[in-house]
Amino acid sequence: MQLTINKVAIQHAIVTAKKYLTNELRDHLSQARISAQLCILALLFAIFASCVILLFRLLLVWANHYTQIQALDFTGNVADWRALLPLLGAILIWIVAKLGSKRYKRMGIAYVLHRVKLHYGKIPLQSAAGQFFQALFALGTNFSVGREGPAIHLGAVSASFLAEKFNLPDNSVRIMCASGIAAGIAATFNAPLAAVIFVLEVIVREYKIHYFFPIMLSAICGAVSSQLVFGNVHEFDRIQVIHIPLDHYPILAIGGVVLGCAAALFNYSLLKVTATGQNWPLIYRLLLAGSVTTLIGLVLPQALGTGDLAIGEAISQHPSLLLLIALLFAKTIATIAAIGLGIPGGLIGPLYGIGALLGAILALISAILFPSIAPYVGLYTVIGMTAMMGVCLSAPLAALVALLEMTNDASIILPAMFVTIPAFLIAYQGFKTDSIFFKQLEIMGLGYKVAPVNLALQKKGVRALMDKRFVIVNNNDELLLEVLKRAEGRPVLVRNADGIIEMLSLEMQSYDDSTTLSRHPMQGLSDSTTLNEVYSLLSPKRCGEVFIYQDTPDNVVGVISWSNLQQEIRSGQA
């Protein structure tokens with residue numbers, strides 16, 4: 001008997017301790033500040049996200065082994081089965097899309113950005129399979145798309161899924177999603193610092209210290225995972241970069257203007273094709289993209305793939321100027337056809353290829369007038385890659401750091417910065433260019449704009465502000481006044497006969513200075529929500545209270561009033 005009582009007591013103590021630890025953790029995560037708990041969770045989620053990305057990369061390497069993407073040698077003979085791979089890929093992508101639900105057909109960086117902005121980074125798990133296999137088929141069949149698109153989507157889904165399984169507060173789910181994206185990019189490119197800056201510059205679009213450390217830890221995890229499996233590889237360290245003297249900088253400035261015009265034209269063309277084909281049946285768009293890619297591959301196979309073949313041609317020993325110009329047009333058309341018509345994949349790889357070709361062409365043309373430029377073709381190539389990515393994606397710093405890490409050469413920093421500035425100004429001020437991701441969202445009819453007050457309130461969970469010193473009683477009119485008096489200023493909640501939670505308060509009657517008890521229904525919110533949801537409920541009347549519950553509405557854990565919320569807003573803490 002005694003043993004049974006002790007066992008029950010021990011089990012009760014364990015349950016109580018777990019509940020206390022869970023609540024304490026959720027209280028920490030609801031705050032908009034850095035915490036060890038947040039960093040540990042980000043690291044754990046990053047391990048899972050990195051494994052997903054590495055699986056994707058390993059399958060892609062296996063596919064590349066059979067399709068021989070690195071050794072394309074088309075001769076224009078349509079009988080070569082590799083020439084028809086884009087058409088096959090288009091059909092496979094369509095089959096996967098038809099097998100999946102229409103509710104989860106959206107994918108890619110623009111969609112992830114929409115979910116991060118308006119839904120705390122919560123991305124449906126069902127979209128992961130479509131992204132995984134469609135991107136695998138697109139990359140494995142030579143479409144001109146990049147690897148970062150699926151890396152970002154899959155990293156975000158992985159972290160978002162775990163965050164919801166752990167029932168984390170919504171404000172923390174967004175941070176976990178951003179961390180998963182950083183892990184995905186770092187695991188794809190072995191560029192951890194570029195991954196951090198890309199997430200802060202493009203996805204989150206703000207710098208907060210409590211975002212920075214979880215994202216940085218996740219990027220480190222992704223890079224280490226990549227190095228363990230593939231080695232410490234810098235993809236573009238084969239490009240010979242020679243430090244350029246200062247007297248060449250005026251020519252670089254002219255190159256920046258040309259690159260800005262090219263980036264603006266590329267963005268305009270891509271968005272025009274995207275808008276035109278938006279309402280076409282999917283199979284028509286995919287087959288058209290496959291046909292265009294196939295025709296280009298029969299003539300200029302170097303224009304296919306992520307951009308590696310184009311970069312290899314740009315940095316070859318004696319590149320032909322006419323070949324590079326033809327290849328530039330072919331690569332641009334192949335990329336616009338693929339991305340604009342809905343082939344799943346990223347833009348960074350193709351932009352690297354286009355930028356490398358532009359840089360090499362500028363160097364060769366300049367060398368005709370100024371022969372001293374000839375040794376610096378490699379540097380011009382890298383500068384072109386940096387400018388095209390930075391301008392087209394509105395991410396100049398991420399582009400610079402990415403090329404710095406991937407070339408493993410710091411001598412590109414100053415000239416790349418010098419060229420990016422005029423390129424950016426020409427594109428964004430002269431041609432009114434905007435971030436391609438936001439324009440894609442507008443074409444798809446997806447929102448991304450959040451008012452500053454709502455954005456600030458989204459950073460804190462309700463557990464950070466709720467009043468835990470409340471009193472809740474069952475409906476009994478005779479005892480309510482006594483309870484209210486003994487509450488000593490604490491909120492008093494009444495559960496009426498229908499199970500509805502009501503707020504009890506004393507109201508002064510103006511005509512006889514008497515007081516009466518008043519009750520008004522309260523709305524409830526889960527303790528995983530943020531202060532923004534509280535604001536949405538209370539702001540129409542600018543008064544009232546909401547109750548906060550854990551797991552079920554019957555388990556009330558706190559109360560937040562409009563006055564408390566207003567005080568939080570005015571204090572500048574939100």
Side-chain angles (χ1 to χ4, degrees), residues 42 46 49-50 53-54 57 109 112-113 116 146-156 159 177-207 211-227 230-239 241 306-308 311 346-353 355-356 381-417 419-420 423-424 435-437:
S50 300
I53 302 304
L54 291 177
R57 285 189 65 184
I109 301 176
V112 171
L113 187 59
V116 168
R147 292 177 296 167
E148 84 287 347
I152 289 172
H153 189 112
L154 294 173
C177 179
S179 300
I181 293 170
I185 296 172
T188 301
F189 294 108
N190 188 28
L193 185 56
V196 172
I197 295 175
F198 183 88
V199 170
L200 294 175
E201 193 174 29
V202 176
I203 305 297
V204 180
R205 294 182 70 84
E206 60 179 330
Y207 177 86
Y211 283 18
F212 179 72
F213 285 106
I215 290 172
M216 184 166 64
L217 278 172
S218 300
I220 293 171
C221 177
V224 170
S225 302
S226 175
Q227 292 180 21
F230 297 99
N232 188 17
V233 177
H234 301 277
E235 289 195 25
F236 302 139
D237 59 358
R238 66 185 187 277
I239 302 177
V241 178
T306 61
D308 291 342
I311 294 171
L347 260 176
I348 293 180
L351 285 176
Y352 281 162
T381 300
V382 175
I383 289 173
M385 295 163 70
T386 306
M388 284 300 294
M389 175 187 167
V391 176
C392 291
L393 305 187
S394 189
L397 187 56
L400 176 63
V401 175
L403 268 300
L404 171 62
E405 290 187 291
M406 295 171 77
T407 59
N408 200 26
D409 195 324
S411 61
I412 72 167
I413 295 176
L414 188 58
M417 291 174 66
V419 169
T420 301
F424 215 90
S435 170
I436 200 164
F437 299 133

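Atoms considered below: every heavy atom in the structure, side chains included; atoms not considered: hydrogens, waters and symmetry mates.
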- Smallest heavy-atom separation, A356 atom then I311 atom, equals CB-CG1, 3.8 Å
- Between the OG atom in S435 and the CZ atom in R205, the distance rounded to the nearest 0.5 Å is 6.0 Å
- Note on the structure: Here the pair of heavy atoms bringing Q227 nearest to N190 is NE2-OD1, 3.0 Å
- Query: At what distance, to the nearest 0.5 angstrom, does CD1 of I152 lie from CD1 of I53?
  - Reply: 9.5 Å
- Heavy-atom distance under 4.5 Å between the side chains of H234 and D409, does that happen here? no
- Polar side-chain atom of N408 near backbone of D237 as donor-acceptor pair, under 3.5 Å: no
- Message: Let's go through I239 and M385 carefully: what are the C-alpha distance in whole Å and the side-chain angles of both, what is the deciding distance for side chain to side chain contact (heavy atoms under 4.5 Å, CB included) to 0.1 Å, and is it a yes or a no?
- Response: CA-CA 12 Å; I239 302 177; M385 295 163 70; 4.3 Å; yes
- Task: Could you tell me the separation between the CZ atom of F189 and the CD atom of E235, rounded to the nearest 0.5 Å?
- Result: 6.5 Å
- Which atom of T306 lies closest to which atom of G146, heavy atoms considered: CG2-CA, 4.4 Å
- Message: Which heavy atom of L54 sits nearest to which heavy atom of A187, and what is that distance?
- Response: CD2-O, 4.4 Å
- Message: Between R57 (side chain only) and R147 (backbone N and O only), is there a donor and an acceptor less than 3.5 Å apart?
- Response: no
- Task: Quick one: pull up CZ in F236 and CG in L404 and give me the separation to the nearest 0.5 Å.
- Result: 13.5 Å
- Query: Can you check side chain to side chain contact (heavy atoms under 4.5 Å, CB included) on F198 and V401, steps first, answer last?
  - Reply: CA-CA 9 Å; F198 183 88; V401 175; over 6 Å; no
- For the side chain of S226 and the backbone of G222, is there at least one donor-acceptor N/O pair under 3.5 Å apart? no
- How are the rings of F212 and Y207 set to each other: parallel, tilted or perpendicular (split at 30° and 60°)? tilted
- Can you see which heavy atom on A191 is nearest to which on M406, and at what distance? CB-CG, 4.5 Å
- Heavy-atom side-chain proximity of L400 to T420 below 4.5 angstrom: no
- From L397 atom CG to E201 atom CD, the distance as rounded to the nearest 0.5 Å: 5.0 Å
- Do C221 and L217 pass the side chain to side chain contact (heavy atoms under 4.5 Å, CB included) test, and can you show the C-alpha distance, the side-chain angles, and the key distance before you say yes or no? CA-CA 6 Å; C221 177; L217 278 172; over 6 Å; no
- Looking only at heavy atoms, the pair that brings S50 and S225 closest together is CB-OG, 3.6 Å
- Query: I412 versus I383: any side-chain heavy-atom pair under 4.5 Å?
  - Reply: no
- Task: Before giving the answer on side chain to side chain contact (heavy atoms under 4.5 Å, CB included), spell out for E206 and Y211 the whole-Å C-alpha distance, their side-chain angles and the decisive distance to 0.1 Å.
- Result: CA-CA 9 Å; E206 60 179 330; Y211 283 18; 4.1 Å; yes
- With rounding to the nearest 0.5 Å, note down the distance linking CE in M389 to CG in L351. 8.5 Å
- Picking from V116, I215, I185, what satisfies side-chain contact (heavy atoms from CB on, under 4.5 Å) with I203? V116
- Heavy-atom side-chain contact between E148 and L347 under 4.5 Å: yes
